[in-house]
Amino acid sequence: MIQTNPTGSPVIDREQLLARMLGSAAMAGRMLNRFVENSVSECDLLESAIRLGDRESIRSLAHRHRGTAQTMASEPIAKVAEMLESDAAQAQTSQQLDLLDQLRSLHRDIEKYVSAEFPQSPPTVESHGEKS
């Protein structure tokens, strides 16, 4: 099951993602889980920056999010983040919040995608070398 966004392109390019993860579906699933987990706080930070009118923070956060989305082979998220980044200086708050809503929706699509395509992937937990 491949989730698509309103433009019709897949929310994740599985082939490209697996190539970036050296063919490891387990690694791809773990990385996508981490991306989904981090997206909540990243979108919250973006929302705060938008509401405060902190254009430099919007640009910086959106740029970072775009890069991570590209690494995760999510072109739709990368495009929305790029719009937020490039429009940070002149876009109206309502336009920026609309883009943020699109980001959140796409992240929900990725969460569904991970559940369907990588059901064996456990949530990410940092062990920092500790033994259980």
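Considering all non-hydrogen atoms of both residues, Ala49 and Ser57 come closest at CB-CB, 3.9 Å. The two residues Arg55 and Ala91 make their nearest non-hydrogen contact at NH1-O, 3.2 Å. In terms of heavy-atom proximity, Ala78 sits nearest to Ala69 at N-CB, 3.6 Å.
A salt bridge between Asp13 and Arg20 is absent, with no side-chain N of the basic residue lying under 4.0 Å from a carboxylate O of the acidic one. Electrostatic pairing of Glu47 and Arg104 counts as a salt bridge here, judged by a charged N lying under 4.0 Å from a carboxylate O. Between Glu56 and Arg59 there is a salt bridge, since at least one side-chain N of the basic residue sits less than 4.0 Å from a carboxylate O of the acidic one.
The local environment of CD in Gln70 is crowded, with over 12 non-hydrogen atoms from other residues, nucleotides or ligands closer than 6.0 Å.
Proximity of Val114 to Phe35: side-chain heavy atoms (C-beta onward) are nowhere separated by under 4.5 Å. Side-chain contact check for Arg108 versus Ser105: some heavy-atom pair is nearer than 4.5 Å. Lys112 has its side chain out of reach of Val11: every pair of non-hydrogen atoms, C-beta onward, lies at least 4.5 Å apart. Contact check for Gln96 versus Asp87: no side-chain heavy atoms found under the 4.5 Å cut-off. Within the 4.5 Å cutoff, the side chain of Ile50 has heavy atoms near those of the Leu84 side chain. No side-chain heavy atom of Thr71 sits under 4.5 Å from any side-chain heavy atom of Leu17. Contact of the Leu61 side chain with the Glu42 side chain is not registered, since no non-hydrogen atoms from C-beta on lie closer than 4.5 Å.
No donor-acceptor distance shorter than 3.5 angstrom exists from the side chain of Ser74 to the backbone of Ile12, with no hydrogens or angles considered. Using a distance-only test at 3.5 Å, with no hydrogens or angles considered, no donor-acceptor pair links the side chain of Ser24 to the main chain of Met21. In terms of modelled atom types and a separation under 3.5 Å, the side chain of Gln95 and the main chain of Gln92 share a donor-acceptor contact. Within the 3.5 Å criterion, the main-chain N or O of Val36 finds a donor-acceptor partner in the side chain of Ser39.
Note that the CD atom of Gln102 and the NZ atom of Lys79 stand 12.5 Å from one another [nearest 0.5 Å]. Note that OG1 of Thr93 and CG of Leu52 are 10.0 Å apart. Values are rounded to the nearest 0.5 Å. The structure places CG of Leu46 at 10.5 Å from CG of Asp54, a figure rounded to the nearest 0.5 Å. Here the straight-line distance linking atom CG of Leu45 with atom CD1 of Ile58 works out to 12.0 Å at 0.5 Å rounding.
The six-membered or imidazole ring of His107 lies away from that of Tyr113, with a centre-to-centre distance of 6.0 Å or more.
Leu18 and Leu32 are members of different hydrophobic clusters when ILVMFWY side chains are connected at heavy-atom separations under 4.5 Å.
Arg66 pairs by the salt bridge (charged side-chain N to carboxylate O under 4.0 Å, His left out) definition with Glu82, Glu85, not counting sequence neighbours.
Remark: Arg14 qualifies as a cation-pi partner of Phe118 under the 6.0 Å distance and 45° angle criteria applied to the six-membered ring.
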Next item on the list: Go through the steps to decide whether Arg51 and Leu97 satisfy the test side-chain contact (heavy atoms from CB on, under 4.5 Å), and finish with yes or no.
Entry: CA-CA 9 Å; Arg51 292 190 185 281; Leu97 289 172; 3.8 Å; yes
